[in-house]
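Scroll down for the structure; my scribbles are underneath it.
Note that the structure is a prediction, hence the values are computed from the model and not measured. All values below were derived from every heavy atom in this structure, side-chain atoms included, with hydrogens, water molecules and symmetry-related copies excluded. Numbered from 1 within each chain, the chains take letters A, B, ... in sequence-line order.
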Number of protein chains: 4
Amino acid sequence: MIQVNYRDVRPIYEQIIDSVQKLVITDALLPDEKLPSVRELASKLAINPNTISRAYRELEREGYVYSVCGRGTFVADNRTLKTEHVRALLQNFDETAAELMDLSVGKEVLQKRLDRIEKGVWNDTGK
Amino acid sequence: MIQVNYRDVRPIYEQIIDSVQKLVITDALLPDEKLPSVRELASKLAINPNTISRAYRELEREGYVYSVCGRGTFVADNRTLKTEHVRALLQNFDETAAELMDLSVGKEVLQKRLDRIEKGVWNDTGK
Amino acid sequence: MIQVNYRDVRPIYEQIIDSVQKLVITDALLPDEKLPSVRELASKLAINPNTISRAYRELEREGYVYSVCGRGTFVADNRTLKTEHVRALLQNFDETAAELMDLSVGKEVLQKRLDRIEKGVWNDTGK
Amino acid sequence: MIQVNYRDVRPIYEQIIDSVQKLVITDALLPDEKLPSVRELASKLAINPNTISRAYRELEREGYVYSVCGRGTFVADNRTLKTEHVRALLQNFDETAAELMDLSVGKEVLQKRLDRIEKGVWNDTGK
DNA sequence: GTGGTCTAGACCACC
DNA sequence: GTGGTCTAGACCACT
């Protein structure tokens with residue numbers, strides 16, 4: 001479930017954080033569900049355990065997961081996180097759209113893109 | 001033209017960078033046009049010249065301006081920057097919209113937001 | 001003869017300088033030959049005359065051309081420039097090749113590239 | 001490991017950048033390995049911490065390292081950097097060789113230089 | 001302790 | 001005058 005792209009410019013721990021965040025936000029991982037252990041995930045992804053550890057620590061700091069010493073790391077039950085996440089996305093959406101319109105990209109263009117995305121044909125060829 | 005908000009959380013040099021980028025992208029500053037000198041802008045904004053220098057340096061690195069030692073800093077004549085900027089914004093738009101729909105934010109909601117933004121009523125109350 | 005690519009990241013005056021340097025070094029422009037006037041070249045390339053002027057000034061400073069007030073700009077007769085240019089290129093060649101071999105790119109690979117370049121099939125597809 | 005020559009014309013921060021880049025590219029520094037802290041390296045090289053900081057900042061921007069506030073600066077795990085580096089060197093090699101041949105430097109001359117470089121006798125006398 | 005930011009002031013080369 | 005570099009020293013947030 002948690003995937004990493006070695007060829008990505010972003011550091012691996014950041015990719016892991018994003019990956020877990022999405023799984024939590026989209027309910028793909030449910031509250032109190034156990035995450036793979038640091039060592040398990042490390043060997044599975046062929047990555048230094050320290051990298052995983054750092055990612056989990058960061059996720060705990062941000063409230064996405066909680067760790068129980070000697071037992072493992074689990075998904076936190078924090079509904080406010082989701083609404084906060086959506087709020088941030090909407091703000092980003094507004095700002096991006098506003099700047100695009102400033103640069104004379106018509107509203108119609110953006111609406112067509114929304115249509116395409118809704119139909120699930122959103123991909124690299126959809127530029 | 002170039003403005004800075006001292007109470008902003010973002011570092012001053014970053015605000016200057018964003019400010020100049022927008023001026024260049026929107027053609028408010030034309031190619032080969034001279035930017036205020038480091039010392040001039042520094043005294044105008046009541047800021048240390050080093051901070052301006054840093055902003056100009058990064059802008060040069062990113063291709064928005066070019067500096068000629070002893071003469072000044074000028075707007076770069078790079079038209080690809082603008083199309084690249086729009087391309088990046090559109091990609092951000094798509095990704096954000098897709099993630100929002102994933103989180104069951106309906107297309108209609110986003111379209112209403114586009115309407116509001118188009119009408120220029122996009123502001124803090126629109127969050 | 002002098003060409004400029006507006007979509008290039010490099011500033012235009014730099015492209016002009018490089019362009020003229022090559023023409024002089026390769027004897028495409030002979031000593032005492034007249035260069036197009038600032039205004040003429042400016043209108044031909046649809047560029048601000050100041051940009052041309054800056055390029056010519058720089059070329060004069062580096063010894064590639066000389067300007068006669070009221071008459072125009074001419075190619076300098078400086079044979080040492082060419083040997084110096086070749087020397088710089090050879091040093092660059094050596095350093096680049098050494099670093100490539102350091103990174104375990106075999107000599108054979110580089111030799112094949114020389115062959116291809118000699119045959120004139122050196123182009124973008126020749127990667 | 002990281003060395004600086006105060007008598008070099010190049011700025012110190014640039015020497016540090018080049019130094020670290022080579023260590024990363026040649027795998028002398030492995031992904032997630034910790035670099036000396038800004039203050040540590042500064043005192044070791046008898047240099048102002050700001051200069052180190054600037055070098056690290058630019059290295060982060062270019063993707064060679066990543067910094068975590070409060071923890072330190074680490075080698076980025078980006079394998080594409082290395083292939084990209086080789087690609088850029090090969091392009092430089094091609095362009096330089098092509099220009100040399102244009103200036104009637106024979107292929108044989110360049111091949112002899114490759115031989116010399118391979119045998120490790122590439123040094124100042126090889127100019 | 002770590003890096004990130006900013007200020008103040010200096011010297012250089014170039015125009 | 002211009003930008004480029006470097007130093008010295010300060011404060012911040014984070015671990």
Side-chain angles (χ1 to χ4, degrees), chain A residues 11 13 50 53-62 67, chain B residues 4-17 20 33-61 64-76, chain C residues 11 13 50 53-62, chain D residues 4-17 20 34-61 64-76:
Chain A
Y13 78 91
N50 284 332
S53 182
R54 191 189 318 155
Y56 278 14
R57 215 183 315 133
E58 187 78 9
L59 283 164
E60 184 170 18
R61 203 179 55 77
E62 296 176 15
S67 297
Chain B
V4 161
N5 177 9
Y6 302 90
R7 310 185 56 176
D8 197 324
V9 285
R10 293 182 313 161
I12 292 178
Y13 80 89
E14 209 175 300
Q15 295 181 45
I16 295 174
I17 290 175
V20 174
E33 195 171 340
K34 192 176 178 305
L35 291 172
S37 81
V38 169
R39 292 164 176 80
E40 189 184 340
L41 188 56
S43 74
K44 197 174 161 191
L45 299 178
I47 278 178
N48 190 298
N50 275 332
T51 305
I52 310 290
S53 184
R54 178 173 176 187
Y56 278 12
R57 204 191 315 138
E58 306 218 358
L59 282 165
E60 180 170 23
R61 197 183 37 76
Y64 287 88
V65 306
Y66 63 92
S67 296
V68 185
C69 208
R71 296 205 50 238
T73 301
F74 306 85
V75 176
Chain C
Y13 78 91
N50 285 332
S53 183
R54 193 189 317 156
Y56 277 13
R57 216 183 313 132
E58 187 79 9
L59 283 164
E60 184 169 18
R61 204 180 54 77
E62 295 177 14
Chain D
V4 161
N5 176 9
Y6 302 91
R7 309 185 56 178
D8 197 325
V9 285
R10 294 182 312 160
I12 292 179
Y13 80 89
E14 208 175 301
Q15 296 181 44
I16 295 174
I17 290 175
V20 173
K34 192 177 177 301
L35 290 173
S37 82
V38 169
R39 292 165 178 79
E40 189 184 339
L41 188 56
S43 73
K44 197 175 161 191
L45 299 178
I47 278 177
N48 189 300
N50 275 334
T51 306
I52 310 291
S53 184
R54 177 173 175 187
Y56 278 12
R57 204 193 313 139
E58 306 218 359
L59 282 165
E60 180 170 24
R61 198 185 34 78
Y64 287 89
V65 306
Y66 62 91
S67 297
V68 185
C69 208
R71 294 205 53 236
T73 300
F74 306 84
V75 176

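The shortest distance between the side-chain N/O atoms of S53(D) and the OP1/OP2 oxygens of dT5(E) is not below 4.0 Å. For dT5(F), the OP1/OP2 oxygens have a side-chain nitrogen or oxygen of Y13(D) closer than 4.0 Å. Considering only side-chain N and O atoms, S37(D) lies nowhere under 4.0 angstrom from the phosphate OP1 or OP2 of dG1(E). Note on T73(B): a side-chain N or O is less than 4.0 Å away from OP1 or OP2 of dG3(F).
In terms of position on DNA chain F, the residue among E58(A) and R57(B) whose nearest nucleotide sits closer to the 5' end is R57(B).
Stretches of at least 3 consecutive Watson-Crick or G-U wobble pairs, with each checked distance under 3.5 Å, appear in DNA chain F as E:1-14 with F:1-14.
Remark: K44(B) does not engage E40(B) in a salt bridge, criterion side-chain N to carboxylate O under 4.0 Å. Between E58(C) and R54(C) no salt bridge is recorded (no basic side-chain N to carboxylate O distance below 4.0 Å).
Rounded to a whole Å, the CG atom of N50(B) is 14 Å from the P atom of dT5(E). At whole-Å resolution of the value, CD1 in I47(D) and P in dT7(F) are 6 Å apart. Separating the CG atom of N5(D) from the P atom of dC6(F) is a distance of 12 Å, rounded to the nearest angstrom. With rounding to whole Å, R54(D) atom CZ is found 7 Å from dT5(F) atom C1'. The distance from atom CG of N48(B) to atom P of dG9(F) is 16 Å, rounded to the nearest whole Å. Rounded to a whole Å, the CG atom of D8(D) is 16 Å from the C1' atom of dG4(F). When the C1' atom of dC12(E) is taken as reference, atom OH of Y6(D) falls 19 Å away, rounded to whole Å. In this structure, CZ of R61(D) is placed 13 Å from P of dG4(E), rounded to the nearest angstrom.
R39(B) comes within contact range of at least one nucleobase, with a heavy-atom separation under 4.0 Å. Backbone-only contact: E60(B) has heavy atoms under 4.0 Å from sugar-phosphate atoms and none from a base.
The listed nucleotides are dG4(F), dC6(F), dT7(E); the one nearest the side chain of S67(B) is dG4(F).
In this structure, R57(D) forms no cation-pi arrangement with Y13(D), as its terminal cationic atom is not both closer than 6.0 Å to the ring centre and no more than 45° off the ring axis.
E33(B) places no side-chain N or O within 3.5 Å of a backbone atom of F74(B) that could act as its donor or acceptor partner.
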